[in-house]
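Every chain is numbered from 1, with letters handed out A, B, ... down the list of sequences. Worth saying up front: this structure is predicted, and the values here are computed from it rather than measured.
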Protein chains: 2
Amino acid sequence: MDDDYKRYIAAQARIFKALGHPSRLLMVDVLRRGEKCVCDLQALVGDDISTVSKHLSVLRDAGVVSSEKRGTSMYYRLTLGCLDNFLACTGALIEQRVLSQVRMIKAK
Amino acid sequence: MDDDYKRYIAAQARIFKALGHPSRLLMVDVLRRGEKCVCDLQALVGDDISTVSKHLSVLRDAGVVSSEKRGTSMYYRLTLGCLDNFLACTGALIEQRVLSQVRMIKAK
DNA sequence: CCATTTTGTGGCTATTTTGCCAAAAAGTCA
DNA sequence: TGACTTTTTGGCAAAATAGCCACAAAATGG
């Protein structure tokens, strides 16, 4: 029971971990607006395409995205929902922290 | 502009990264129900207390939690909102993946 | 069939993260 | 003050991650 709970949390942590890299979150953010091929995502993040491919496999293994081959290209789409709302919250947290840093600087 | 966007995404990725460790997500999950002292959280995850302390500093640096000393103990509380909703979504994703694995096993 | 395009893998090094122990801070209580 | 409690920090070794290059796989077009 408690062991199941820990396993469940570990599975969720894996999803957060997959999202916890700038290039991967950038790709996921763009995928919110619709599917993209690897080449598009490679142009977006600017890394070597093999690096992008490995990042995408991390996201796929975590279940965050799914892929489908059509013609010569592989298309990735988002499978994780609730991101709009949550990213708004993390964004608010970031805004808030920036503001508090500004206040700290002013208080000097 | 595009550079600011990348910085913003990187700041958000830092939050996901902080949540992307089983022990840290476990503590955060419990903190949803109210503040806890370090000793409580240490008992929860079972690691050395110095390890727990470092995990907490990662969460604090990312802005996910805040801390306050009262008496002899340090109390941590959650500062990031929207977690209930998002964890429900990641949970649904995990359920769905488990089910699809069961189907794959049965299909053999 | 062969050349080309697109994506994934293997292998490697550099960097980062993790988690423990020991010790330092910072309070608290007698 | 001095012993004790709670938490943090420094330092270290093991493990994991990131990102590049070279090459393999798979599909397409001529």
Name the nucleic acid region contacted by A:Ser53, choosing base, sugar-phosphate or nothing; use a 4.0 angstrom heavy-atom cut-off, strictly under. base
Note the angle between the end axes of the helix from C:dC1-D:dG30 to C:dA30-D:dT1, five pairs defining each, rounded to 10 degrees. 20°
Give the rounded distance in Å between these two atoms: CD1 of B:Ile49 and C1' of D:dT7. 6 Å
Find the distance A:Lys69:NZ to D:dT28:P and express it as a whole number of Å. 8 Å
How long is the line joining CG of B:Leu26 and C1' of C:dT18, in whole Å? 16 Å
Heavy-atom check, side chain of A:Leu31 versus side chain of A:Arg77, under 4.5 Å: no
Steps toward side-chain contact (heavy atoms from CB on, under 4.5 Å) verdict (B:Val58, B:Arg24): CA-CA 9 Å; B:Val58 171; B:Arg24 291 196 292 262; 3.9 Å; yes
Charged N-O contact under 4.0 Å between B:Asp4 and B:Arg7: yes
Interatomic distance, CG@A:Leu19 vs CG@A:Leu59, rounded to 0.5 Å, equals 6.5 Å
If you group Ile, Leu, Val, Met, Phe, Trp and Tyr by side-chain heavy-atom gaps below 4.5 Å, do A:Tyr75 and A:Val28 land in one group? no
Atom-pair distance (CG on B:Leu41; P on D:dT6), nearest Å: 14 Å
Quick check on D:dT6: is either OP1 or OP2 less than 4.0 Å from any side-chain nitrogen or oxygen of B:Thr72? no
Given D:dT6, is OP1 or OP2 found less than 4.0 Å from the side-chain N or O atoms of B:Tyr75? no
Identify whether any heavy atom of B:Leu56 sits under 4.0 Å from a base atom; if not, whether one sits that close to sugar-phosphate; answer base, sugar-phosphate or nothing. nothing
Nucleotide C:dA26, atom C1' - distance to CD of B:Glu68 in whole Å: 16 Å
B:His55 side chain near B:Met27 side chain, heavy-atom distance below 4.5 Å: yes
Integer-rounded Å distance: C:dT18 P and B:Met27 CE: 11 Å
For residues A:Phe86 and B:Gly81, report the shortest heavy-atom separation together with the two atoms involved. CE1-O, 4.0 Å
Show which side-chain atoms of residues 91-99 of chain B pair as donor or acceptor with protein atoms under 3.5 Å away, not counting sequence neighbours.
{"residue": "B:Arg97", "atom": "NH2", "partner": "A:Asp61", "partner atom": "O", "Å": "2.7"}

Atom-to-atom span, CD of B:Gln42 to C1' of D:dT5 - whole angstrom: 14 Å
Can you check each nucleotide of nucleotides 15-20 of chain D against protein heavy atoms at under 4.0 Å and return B for base, S for sugar-phosphate only, - for none, in 5' to 3' order? -SSSSB
For B:Thr79 versus B:Gly63, what's the shortest heavy-atom pair and its separation? OG1-O, 2.5 Å
Ignoring backbone atoms, test whether A:Tyr76 places a side-chain nitrogen or oxygen under 4.0 Å from the OP1 or OP2 oxygen of C:dG8. yes
